[in-house]
Amino acid sequence: MDRALEYLEQNRQRFLDLLLDYLRIPSVSAQETQHADARRAAEFIRSYAAGIGFETRLFEGDGLPTVHAWHAKNADAPTVLVYGHYDVQPPEPLELWESPPFEPAIRDGVIYARGCADDKGPSLAMVLAAECWLKGEDALPLNLHFIIEGEEECGGDVVHEFLKAHRDDLKADALVVSDSSAVAPGRPALCYGLRGLAAVEVSVHGPARDLHSGFYGGAVQNPATALARLVATLHEPGGRVAIDGFYDGVRELDDAERARINLRPYDEAQFLRETGSPSTFGEEGYTVSELRSARPTLEINGIFGGYQGPGMKTIIPASAACKITCRLVPDQDPEAVTAAVTRHLEAHCPPGVRLEIQPHHGARAVLTDPSATWPQRAARALEAAYGHAPVYTREGGSIPVLTAFQEILGLEPILIGTYSPDERAHSPNERYPVEDFYSGIRTGVHLYAGS
Ligand code: BES
Ligand code: ZN
C-alpha cells in the first residue's frame, strides 16, 4: 500500500487539476438545457476510468447515462461497489456567488464551485484511489465497480433500470457511498442513517384565466387563498405534521439511539449563525439533532401563483401551486405517506377550486448496522487516512437510489463522510477544502486494501 500512497503524493497537483476540469462541466440534471453538459461529465469519468485500466460502459436508460466502470480480475478477492453522482444542483441564484459556479476558484486552500463537495470531489477521489493502486502497486487488491450516475439531484430512477439490467454482474460484498459530510474539518464520519423521501406537486385551479379582481372579486374562490388555507392545515402550530396516518410506522427513538444522536455537542449560537434563522422551531420533545436526522418532516419547497412582477396587478389568478417533500424515517412507507398526504389534501381543499396532485417516486429511510464487517473496514480506512476515528452519524438528507441497491442487490450502503460539514451543498459558494479531496483519496486507498 505504501507505493499507492506514494503515487498519490507524486500526483497531487495533477489530481487536483483533473478535479478542477471536472468541475468546469455544468452538469445540472434538473435543467434540460444542461443535459449535453451532463453527458460530457459522464464521458469525462468513463474515459478517465478506461484510461487507468477499467472496463467501462455508459448505461443509456430513460434519462441521463449511468457510468459503469469495473475492474474484476480476481475471482477470489472481495468485490466492492462504489456509488457516486456526477450531476449537480442548479447554481442559482448566480448573483450570490463570489466566483462563478463553474469556474472553480481556490481561496485559502478551499475550492469553490458547484458540485465540488456534492459529489464530484468525493466520488472522483474514490476513482483516483483505484488509480493509486493500479499505477503505484500494479494491481488492485479487490474487484471494484464504480456506478456514477447523473440523476441523483433530480430524483430520476435510471439507476433502478441499470441495476435490474445488470444485477448478475453486480454481485458484491459491500456498497460504499462517499456523498455525505464529515463532522468537522479533518474529522471524518461514518454515517449509519439517512432519511427517506416522499414528494408531491399540488395545484389548485379556479377560473379559466386570470380575472379582473374588481369585476369578479368576491364572487369566485381565489386559488391562491384556497392554497394558502390548504397549506395551513398541514401542520399544527408547534410544527408537528397534522396529517392522519403520517406518523404510522415511525420507530420511536430508544434511549441508546437518542444518546448516540446527541453525543456530538449542539451549539445553538453556531446553529443560528450557520442557518441565518432567527430561532429554532420544531416538534416539542426532541432535540435539534434529533429533529434534523431522526424525525419525519413535511416541507413546502416552493409556493407560487398569480402576478409576481413589479407593481400591482389587480387579478384573481387562474391557479396556484406548491411543491411538497417529506423526509421519512424508519419504518415509514413512502407510498403510504404519499397516500396519506393526498387524502388529507383532498379532504381539506376549500370549495370553489379544483385540486390536482402529482405524486413522485419516494424512497425509504436508510438505517444500517455500523458494527458489521465492511462498515468496520471503512471505519479503519477513515481512521488510517485522517489520523482520527470516524464519528458515527445519522444524517437528515436522502439518497433515494439506495433503496434500489437494497431491494435489487441486497446491499446496505456504507456511507463515508469526508467533506467538511460547512460545504454549502445546494447553496451558493459551495466549498470543498483541497485537503478533504486528498483525505478522500487516502481513504479509498486504505479501504481497497481491505484490512
Ligand atoms: N449528498 C446528498 C445527500 C446527503 C445530504 C447526505 C445531506 C447526507 C447529508 C445528495 O446529493 C442530495 O442532496 N440528495 C437530495 C435528494 C433529492 C434531490 C431527491 C436531498 O437529500 O435533498
Ligand atoms: Zn450528493
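Order of listing sets the numbers, starting from 1, for every ligand and every atom in it.
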J.: Hey, what's the ring geometry for Phe15 with Tyr7, parallel, tilted or perpendicular (30° and 60° as the breaks)?
T.: tilted
J.: Near the Zn ion (ligand 2), which protein N/O/S atoms are found at less than 2.8 Å?
T.: His85 NE2, Asp118 OD1, Asp179 OD1, Asp179 OD2
J.: Determine whether the aromatic ring centres of residues Phe162 and His68 are separated by less than 6.0 angstrom.
T.: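 Centroid separation for His68 and Phe162: below 6.0 Å.
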J.: Can a cation-pi geometry be assigned to Arg40 and Tyr86, taking NZ or CZ under 6.0 Å from the six-membered ring centre and within 45° of the ring axis?
T.: no
J.: In terms of ring plane angle, is the pair His348 and His344 parallel, tilted or perpendicular, where the classes change at 30° and 60°?
T.: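 Answer is parallel, since the angle falls under 30°.
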J.: Can you find a heavy atom in the side chain of Arg364 that is under 4.5 Å from one in the side chain of Asp333?
T.: yes
J.: With sequence neighbours left out, what residues match His160 under ring-ring contact (aromatic ring centres under 6.0 Å, His included)?
T.: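 Checked His160 against ring-ring contact (aromatic ring centres under 6.0 Å, His included); zero matches.
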J.: Show every salt bridge (charged side-chain N to carboxylate O under 4.0 Å, His left out) that has at least one partner inside residues 12-21, sequence neighbours left out.
T.: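 Output for this query lists Glu9-Arg12, Arg12-Glu435, Arg14-Glu131, Asp21-Arg24.
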J.: Please list, by chain and number, the protein residues whose heavy atoms come under 4.0 Å of ligand 1.
T.: His85, Asp118, Glu152, Glu153, Asp179, Ser180, Leu194, Leu197, Arg327, Glu395, Gly397, Ser398, Ile399, Pro400, Tyr419, His426
J.: Do the ring centers of Phe54 and His71 come within less than 6.0 Å of each other?
T.: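 They qualify: ring centres under 6.0 Å apart.
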J.: With a 4.5 Å limit on heavy-atom distance, are the side chains of Met126 and Tyr83 in contact?
T.: no
